[in-house]
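Report on the structure given below.
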Amino acid sequence: MDVWSFDKCGYTFVGEHSAFTFSGASDFTDPNFVDRIVETVPVVLNWVIGSKSCDEYKYTSDYYCQNNSVCVDFESGNGGYRCTCKDGYQGNPYLSPGCHG
């Protein structure tokens with residue numbers, strides 16, 4: 001069904017496929033739709049940066065791990081990497097100044 005044909009607005013969200021059942025157009029008019037989704041559908045976000053290993057990106061402009069973080073290769077799928085704070089550190093490993101103790 002083309003949403004544009006009956007409503008110029010649309011909805012999108014990321015969630016576990018098996019936990020959500022689309023009820024049709026009635027979902028768009030249900031005032032409890034958002035609350036129902038937030039309470040019953042877990043968010044699943046699996047992502048990586050690029051398609052190469054940490055070593056392949058390390059000295060390029062596509063390497064985003066900041067201070068006190070480590071690069072972790074994603075071994076399945078199409079490759080790529082993620083950054084994580086070193087043990088004992090916290091923060092956002094992608095944004096400067098990185099992780100802090």
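Nearest heavy-atom pair across V72 and C54 is N-SG, 3.5 Å. Between A19 and T40, the shortest heavy-atom distance links the atoms CB-O, 3.9 Å. Residues P93 and G91 come closest through the heavy atom pair CD-O, 3.5 Å. Heavy-atom minimum distance, I49 versus Y94: CD1-CE2, 3.6 Å. Across all their heavy atoms, Y89 and C85 have their closest contact at O-CB, 3.6 Å.
Listed by chain and residue number, Y81 satisfy the ring pair (Phe, Tyr, Trp, His ring centres under 6.0 Å) test with Y63 (two or more places apart in sequence, or in another chain). Partners of V38 under the side-chain contact (heavy atoms from CB on, under 4.5 Å) rule, at least two apart in sequence or in another chain, are V34. The side chain to side chain donor-acceptor pair (under 3.5 Å) check on S18 picks up E16, with sequence neighbours excluded.
Counting only residues at least two apart or in different chains, side chain to side chain donor-acceptor pair (under 3.5 Å) contacts with residues 28-37 comprise D27-R36. Among residues at least two apart or in separate chains, there is no salt bridge (Lys or Arg N to Asp or Glu O under 4.0 Å) pair with a member in residues 55-76.
In this structure a side-chain-to-backbone donor-acceptor pair under 3.5 Å is missing from R82 to F74.
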Give the table of side-chain donor-acceptor pairs shorter than 3.5 Å for residues 64-71, with sequence neighbours excluded, one pair per line with atom names and distance.
unit_1	atom_1	unit_2	atom_2	d
Q66	NE2	Y64	O	3.4
N67	ND2	P97	O	3.4
N68	ND2	C99	O	3.1
S69	OG	Q66	N	3.2
S69	OG	Q66	O	2.5

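Within 6.0 Å of CZ on F22 lie more than 12 heavy atoms contributed by other residues, nucleotides or ligands.
Residues L95 and Y57 are members of separate hydrophobic clusters, defined by side-chain heavy-atom contacts under 4.5 angstrom among Ile, Leu, Val, Met, Phe, Trp and Tyr.
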